[in-house]
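What follows is a single structure, written as structure tokens, with notes after it.
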Amino acid sequence: MRIIRYDDAGTTRWGVIDPDGTVRAATGDPFTELVPGEPVGGDVRLRAPVVPSKIVCVGRNYADHAAEFGNPVPKEPLIFLKPPSSIVGPDDEVVYPSLSGRLDPEAELVVVIGRTARRVKEEDALSVVFGYTIGNDVTARDIQKSDPQWTRGKGFDTFCPLGPWVDTAFDPSDVRVTCTVNDELRQDGRTTDFLFGIPELIAYVSAFSTLEPGDVIMTGTPPGVRSVRPGDTMTVAVEGLGELRNPVVAEQP
């Protein structure tokens, strides 16, 4: 099932997308019981498909990405957080902040947690996964490098596009992850290149922080990171899962 959130006369509602592309309204809650209903007429504006209490991110989970910035490969998962206020959805604008001189997109596969998880064993970790979506860990690179912690460089409003849906049947074990800017392919990797796999990440994170339904883990970005400017369009794609597009705009005074 592909689960979405969409606008309906100013209200955000749950829905599903059928294999033929038909959008259906849904009742209930995806983490308990979601019941698809009638087709939705007209154009549908998608929103971020989840509203997490926390966005857990993994740095340098591809060896080649660590190398391109001259960083060592971590010996254990390198974890940081983005604030929920950074979330935007498909086709929403990403604002290039006036405080930054370099803005980088980072293409990522995103794990969506389906039930409360605390101290989950690695062998049981996939049982707490609800599904998968696509994310863009937008980064003010100059600020990330200047600050002793990454919160500011990673946490501006609009710096966490998610979408377009959550796929509950997706198999992430060997898929391509890319970022294209306008028509130029920038990032290109596969989930088989992860330094730390999804079960290991869930076990590691849940050992110190309780994961709640709807929380997300962004699994890291492949090599090829380069900057964008206002006017560019970023497209993050995960093979078999879909595409997430977002335009870059300059911050207004």
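From a predicted model like this one, the values you see are computed outputs, not experimental measurements.
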Please list every donor-acceptor pair under 3.5 Å in which a side-chain atom of residues 222-229 meets a protein atom from a residue at least two apart or in another chain.
| residue | atom | partner | partner atom | Å |
| --- | --- | --- | --- | --- |
| Arg226 | NH1 | Glu184 | OE2 | 3.0 |
| Arg226 | NH2 | Glu184 | OE2 | 3.0 |
| Arg229 | NH1 | Tyr96 | OH | 2.6 |

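- With respect to Arg119 and Asp124, no salt bridge is recorded, no charged nitrogen being found less than 4.0 Å from a carboxylate O.
- A 6.0 Å sphere centred on CD of Glu38 holds no more than 12 heavy atoms belonging to other residues, nucleotides or ligands.
- Nearest heavy atoms, Gly135 versus Val110: N-CG2, 3.4 Å.
- For residues 192-207, the side-chain hydrogen bond (donor to acceptor under 3.5 Å, both in side chains) pairs, not counting sequence neighbours, are Glu76-Tyr204.
- Under the 4.0 Å criterion applied to side-chain N and carboxylate O atoms, Arg2 and Asp167 are assigned as salt-bridge partners.
- Minimum heavy-atom separation, Tyr6 to Trp14: CE2-O, 3.4 Å.
- For Asp104 and Thr139, the side-chain atoms include no donor-acceptor pair closer than 3.5 Å.
- Classified by interplanar angle (parallel below 30°, tilted 30° to 60°, perpendicular above 60°), the ring pair Phe156/Phe159 is tilted.
- Side-chain polar atoms of Gln187 and Thr178 form no donor-acceptor pair below 3.5 angstrom.
- The nearest pair of heavy atoms linking Ser53 to Pro84 is O-CG, 3.7 Å.
- Of the possible donor and acceptor atoms, one in the side chain of Lys54 sits under 3.5 Å from a partner among the backbone N and O of Thr210.
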Stepwise, does the side-chain contact (heavy atoms from CB on, under 4.5 Å) test hold for Ile4 with Val16? CA-CA 6 Å; Ile4 61 170; Val16 299; 5.9 Å; no
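- For Phe196 against Asn61, the heavy-atom pair with the smallest separation is N-OD1, 2.8 Å.
- Residues satisfying the side-chain contact (heavy atoms from CB on, under 4.5 Å) test with Val95, not counting sequence neighbours, are Thr158, Val249, Glu251.
- Here the shortest heavy-atom pairing between Ile87 and Ala48 reads CG2-CB, 3.5 Å.
- Distance CG/Leu244 to CG/Leu46: 10.5 Å, rounded to 0.5 Å.
- Side chain of Arg24 to backbone of Gly37: a donor-acceptor contact under 3.5 angstrom is found.
- Between the side chain of Thr168 and the main chain of Gly131, no donor-acceptor pair closer than 3.5 Å is present.
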